[in-house]
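On a predicted model such as this, the values are computed, not experimentally measured, just so you know. For the numbers below, each heavy atom of this structure counts, side chains included, while hydrogens, waters and symmetry mates do not.
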Amino acid sequence: MSSLLLGCIADDFTGATDLANTLARAGMRVVQTIGVPDDTSRPDADAVVVALKSRTAAVSDAVAQSVDACRWLRRHGAGQIYFKVCSTFDSTPQGNIGPVLEALMDELACAFCIVTPAFPETGRTVYQGHLFVGDSLLNDSSMRDHPLTPMTDANLVRVLERQLSAGKGRRVGLINLRHVAAGAGQIRERMAELQSQGCSLAIADAVTNDDLTRLGAAAADLPLICAASGLAIGLPRNWGITPSATAALLPPADGRRAIVSGSCSTATNAQVAHFIHSGGAAWPLDPLRLDAGSGDALAAQADEVAAWAERHWRAGPHRAVLVYSTARADDVQAVQSRLGAQRAGGLIEQALARIACRLVAQGARQLILAGGETSGACIGALNVTRLQIGRQIDPGVPWCHAHSPVAGEKGMHVALKSGNFGATDFFSRAFTTLA
Ligand SMILES: Nc1ncnc2c1ncn2[C@@H]1O[C@H](COP(=O)(O)OP(=O)(O)OP(=O)(O)O)[C@@H](O)[C@H]1O
Ligand SMILES: O=C(O)[C@@H](O)C(=O)CO
């Protein structure tokens, strides 16, 4: 078994499959693990993506999980560590991007790290250190209303600097598009210049895949990089790896079809609406009913959903059922003002995870999970430990194959859809791409 080339730590599960998808398309043999694997199960792969649920965890927990993953990856030979964050830089003033990055830099004795959430294929570009989502600055996009990590500043130099520990004295610089467009040599020179000016981190501009390819080449010798999945486009070439078509073969799919959605992003809201308007069977979860104070309220909703899904599947075995808490900003705020944002998020994730397990127990073997936190909760409840990455449905979202004690011997197909990813018809079209 050859040793690992690239070790990746993703701060949520949808982000992890997004990165694994990009690396696989660029020709790497990739395995995604759920959490840090034990030492006896080291996959034979060029890259391992360790999926954590650390994006909205307490800072100390996120740091501990990430350092643990880093140590495991290094023990298995990874010469470079890739900290995968969201392409909309989802975080709070406390973190967790800054504190995790600093802990990883300390762990790796890393003097300089580049940071870029650019992912042009999905409309995320960085210019003069400012993050754009499509045509809008991050703070003018729907990310300003995110239930857990509202993003109100598009200036990433400022956002990241705010998250760094005052005691460590690290500063953040900018590698602007002029340097990036001039090629890998110029980017390296700019990195050296920033370092001589006392910066140990730099936001890197990128508006095209070519920019990311140049950045990837320039980053070949860095022990640590921090990015959304875009930077992965150019990295495999650093090891002489070129794109391959065979990376995406999964076992044939069968079984019932289900979608569980806890994402409240604009894209997911549109996908849910499209699915319903096209006549899809949809069950809206009522968050306020979950607050009855005991597991009974949750169990009662799970029973109702199970009976409802069974009726629909019996009526049409190929029909997909959708269970969703997806809601628009006003409704999310109404729920949060009653339950508190964290408590609402936790209760809903727990409920959707329980429902996902019920649906799989009833024969769902093609499952779409929408939302990073939601996916984390559901995949955790299904006791999945590893994902095999298959064909891309839409940019950043591949079908995967997974084993779960709930799914039986042949396992199941699962797609973890990042909140903001996927075309409007994603929920209906995804299944046809698997058939
Ligand atoms: N109706 C609702 N009211 C309040 N909170 C909700 C509601 N529906 C879902 N949530 C919570 O909002 C959070 C959504 O986060 P999640 O990561 O699942 O989606 P996302 O942020 O859109 O996806 P991604 O992280 O992939 O971009 C979860 O904690 C979820 O439980
Ligand atoms: O980078 C992205 O936007 C996604 O992979 C993600 O992290 C969503 O949670």
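In this structure, a donor-acceptor pair under 3.5 Å is absent between the side chains of S404 and N383.
Here T268 pairs with S261, S263, S265, Q271, V272, T326, A370, K417, F427 under the side chain to side chain contact (heavy atoms under 4.5 Å, CB included) rule; sequence neighbours left out.
Checked for salt-bridge contact, R158 and D153 meet the test: a charged N lies under 4.0 Å from a carboxylate O. Of the charged side-chain nitrogens involved, at least one lies within less than 4.0 Å of a carboxylate oxygen, so that D211 and R214 count as a salt-bridged pair. Ion pair K53/E373 flagged as a salt bridge, since at least one NZ, NE, NH1 or NH2 atom sits closer than 4.0 Å to an Asp/Glu carboxylate oxygen. Using a 4.0 Å cut-off between charged side-chain N and carboxylate O, E310 and R358 make no salt bridge.
Between T213 and R237 there is a side-chain heavy-atom pair separated by less than 4.5 Å.
Side-chain N or O atoms of Q392 include none that pairs as donor or acceptor with a backbone N or O of N21 at under 3.5 Å. Between the side chain of Q128 and the backbone N or O of N176 there is no donor-acceptor pair closer than 3.5 Å.
Other residues, nucleotides and ligands contribute more than 12 heavy atoms inside 6.0 Å of the CZ atom of R162.
Relative orientation of the W72 and H76 rings is tilted, given thresholds of 30° and 60° on the angle between their planes.
Counting only residues at least two apart or on different chains, the ring pair (Phe, Tyr, Trp, His ring centres under 6.0 Å) pairs with a member in residues 116-160 are F119-F421.
Considering every non-hydrogen atom in both T14 and G372, the closest pair reads OG1-CA, 3.2 Å.
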